[in-house]
Engineer: 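What follows is a single structure, and I will ask about it in a moment.
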Amino acid sequence: MTLPAIKVQGLSKKFIISHETKERYTSLRDVIAKRARSLLKRGRKEHQVQKEEFYALRDVSFDVQPGDRIGIIGRNGAGKSTLLKILSRITEPTSGRVSIHGRVASLLEVGTGFHPELTGRENIFLNGAILGMSRTEIKRKFDEMVAFAEIERFLDTPVKRYSSGMYVRLAFSVAAHLEPEILIVDEVLAVGDAQFQKKCLGKMQDVSKDGGRTVIFVSHNMTAIQSLCNKGLFMNRGQLVLDGDIDACIKEYLENGVRTSTRYQPEPQAGKQPGDVEIEFAELYKNRLGTPAELVMLNDKLLFHIRYKLNKPCELNLSLVLWTQKGDCVFNVCSEAKAYDKGAFESTLVIPADFLNDEMYIIELMFVEDTTRVIHRIPEMIVFEMHEPPRNANYYEKWMGVTRPKLDFKIAEI
């Protein structure tokens with residue numbers, strides 16, 4: 001009897017979130033007086049701290065057989081990344097058991113496992129050693145890895161000077177070519193270009209079908225998931241909703257997993273230091289700012305508005321990608337790259353009326369430093385649905401196409 005490559009039993013992961021009530025001070029004198037009182041009354045608590053239990057995963061169980069290609073799908077916050085971190089032995093579970101049979105290679109975030117001061121060549125040997133490979137084994141695969149990543153010119157350059165795309169190229173090439181029994185890939189491939197994504201999907205298929213290895217793949221691109229995976233896990237709010245055929249999981253996700261959310265406001269995370277970018281909120285309006293996009297028609301103009309703070313000076317541009325629910329890219333627009341000081345900012349993008357078709361769309365936003373390095377990314381920031389007004393025509397089927405622009409197309413008699 002063949003043992004499962006991965007066996008997960010009753011897996012749960014709990015986090016404790018602290019909410020501390022803070023008082024507002026109006027002067028430096030009040031602050032100093034407050035500190036002095038706290039020193040004199042060390043035994044008494046000045047602030048009320050409320051603690052909340054949050055389950056990123058709750059009682060998740062499934063088996064993965066050797067050679068399976070598993071697609072894990074679900075909205076942001078479903079628990080996908082937490083699950084992958086536990087499978088990669090980065091995070092310990094609160095309860096439950098995970099049994100893994102085989103060597104695991106993980107590609108979870110851009111640059112994970114790379115030392116920024118080492119060159120690409122040195123990082124290849126470092127990653128191979130971490131995976132337990134001998135120097136001879138790494139040398140045997142070295143030329144193949146470099147050719148796949150297409151970074152020959154920059155092989156002896158420290159990886160801290162690599163763009164995010166170059167990071168992904170090299171990291172995926174190392175993870176896929178060092179012959180792990182289990183390959184875990186998060187949605188990090190979205191950073192690469194379309195041609196390289198296709199190349200990676202082909203390599204994962206080869207690793208699984210020809211090499212008999214197990215692949216676990218997380219992505220919001222349903223087309224990529226469907227083309228690669230034979231089985232799926234659909235997760236929602238930390239729980240496993242469906243474990244089975246990939247087409248059934250995608251159908252369940254499209255019908256029940258995506259809910260419109262036209263306002264984004266990040267929740268504070270206890271103990272986490274603020275990053276380079278802090279988002280206050282983002283919202284989608286229709287026709288004018290301040291009008292919530294509760295029911296959007298094809299002939300409504302859309303306005304995407306975001307407020308945020310930069311915690312360091314940098315050359316910055318914003319990249320907004322509009323996806324269909326199935327993962328097809330409608331467009332990718334970028335703001336002009338300019339140098340900005342620390343401070344508060346806002347940005348607005350207008351999507352014209354009579355442009356999109358009647359279906360569900362997803363806005364992804366990336367903050368990009370020096371036009372190459374993604375410093376903050378929100379894959380599903382806004383989710384909205386376009387609706388069609390009543391037609392005065394005899395054609396009632398859905399119009400083809402991702403977009404449905406209203407163009408000036410005339411007939412003239414000659």
Engineer: How about Arg140: does its CZ atom have over 12 heavy atoms from other parts shown lying under 6.0 Å from it?
Structural biologist: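 Yes, CZ of Arg140 has more than 12 neighbouring heavy atoms, counting only those of other groups under 6.0 Å.
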Engineer: Under the rule for salt bridge (Lys or Arg N to Asp or Glu O under 4.0 Å), what residues qualify as partners of Asp341, not counting sequence neighbours?
Structural biologist: none
Engineer: Sorted by first residue and then second, give each side-chain hydrogen bond (donor to acceptor under 3.5 Å, both in side chains) pair with at least one member in residues 310-320; sequence neighbours left out.
Structural biologist: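 As it turns out, the side-chain hydrogen bond (donor to acceptor under 3.5 Å, both in side chains) pairs with a partner in residues 310-320, which skip direct neighbours, are Glu278-Asn311, Lys312-Glu369, Ser319-Asn332.
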Engineer: Please determine which of Trp323, Phe355, Phe384 meets the ring-ring contact (aromatic ring centres under 6.0 Å, His included) test together with Tyr361.
Structural biologist: Phe384
Engineer: With the side chain counted from C-beta on, respond yes when His305 and Glu346 share a heavy-atom pair under 4.5 Å apart, and no when they do not.
Structural biologist: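 Of all side-chain heavy-atom pairs linking Glu346 with His305, at least one is under 4.5 Å.
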Engineer: Looking at Phe281 versus Tyr264, is the centre-to-centre ring distance below 6.0 Å?
Structural biologist: no
Engineer: Is the cationic atom of Lys13 (NZ for Lys, CZ for Arg) positioned less than 6.0 Å from the six-membered ring centroid of Phe15 and within 45 degrees of its normal?
Structural biologist: yes
Engineer: Below 4.5 Å, heavy atoms only, C-beta onward: do Leu233 and Leu242 meet side chain to side chain?
Structural biologist: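 Heavy-atom side-chain distance check fails, nothing below 4.5 Å.
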Engineer: With a 3.5 Å cut-off and sequence neighbours excluded, list the donor-acceptor pairs that the side chains of residues 57-70 form with protein atoms.
Structural biologist:
from	atom 1	to	atom 2	distance (Å)
Ser61	OG	Gly10	N	2.7
Asp63	OD1	Lys7	NZ	3.3
Asp63	OD2	Lys7	NZ	3.2
Asp68	OD2	Gln65	N	3.1
Asp68	OD2	Lys231	NZ	3.4
Arg69	NE	Leu228	O	2.5

Engineer: Using atom types as modelled, flag every donor-acceptor pair under 3.5 Å from a side chain in residues 149-158 to any protein atom, sequence neighbours excluded.
Structural biologist:
from	atom 1	to	atom 2	distance (Å)
Glu150	OE1	Arg169	NH1	3.0
Glu150	OE2	Lys199	NZ	2.8
Asp156	OD1	Arg121	NE	2.8
Asp156	OD2	Arg121	NH2	3.3

Engineer: Between Glu359 and Glu385, is any pair of side-chain heavy atoms under 4.5 Å apart?
Structural biologist: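 In short, these two side chains do not touch, never coming nearer than 4.5 Å.
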Engineer: Which label fits Phe234 and Tyr253: parallel for a plane angle under 30°, tilted from 30 to 60°, or perpendicular past 60°?
Structural biologist: perpendicular
Engineer: In terms of ring plane angle, is the pair Phe367 and Tyr308 parallel, tilted or perpendicular, where the classes change at 30° and 60°?
Structural biologist: perpendicular
Engineer: Does the side chain of Ile73 come within less than 4.5 Å of Ile250's, by heavy atoms?
Structural biologist: yes
Engineer: Considering only heavy atoms from C-beta outward, does the side chain of Val383 approach that of Met360 to under 4.5 Å?
Structural biologist: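 Val383 vs Met360: side chains touch.
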Engineer: His376 and side chain to side chain contact (heavy atoms under 4.5 Å, CB included): which partner among Leu318, Ile279, Asp276?
Structural biologist: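 Looking at Leu318, Ile279, Asp276, the match for His376 under the side chain to side chain contact (heavy atoms under 4.5 Å, CB included) is Ile279.
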Engineer: Looking at Lys309 and Glu280, is there a salt bridge between them, counting it only when a charged N and a carboxylate O are closer than 4.0 Å?
Structural biologist: no
Engineer: Distance-only check: which donor-acceptor pairs under 3.5 Å involve side-chain atoms of residues 87-97, not counting sequence neighbours?
Structural biologist:
from	atom 1	to	atom 2	distance (Å)
Ser88	OG	Leu84	O	2.8
Ser88	OG	Ser106	OG	2.6
Thr94	OG1	Lys14	N	2.7

Engineer: Which pairs, with at least one residue in residues 281-299 and sequence neighbours excluded, count as a side-chain hydrogen bond (donor to acceptor under 3.5 Å, both in side chains)?
Structural biologist: Arg263-Glu283, Glu283-Tyr285, Asn287-Asp300
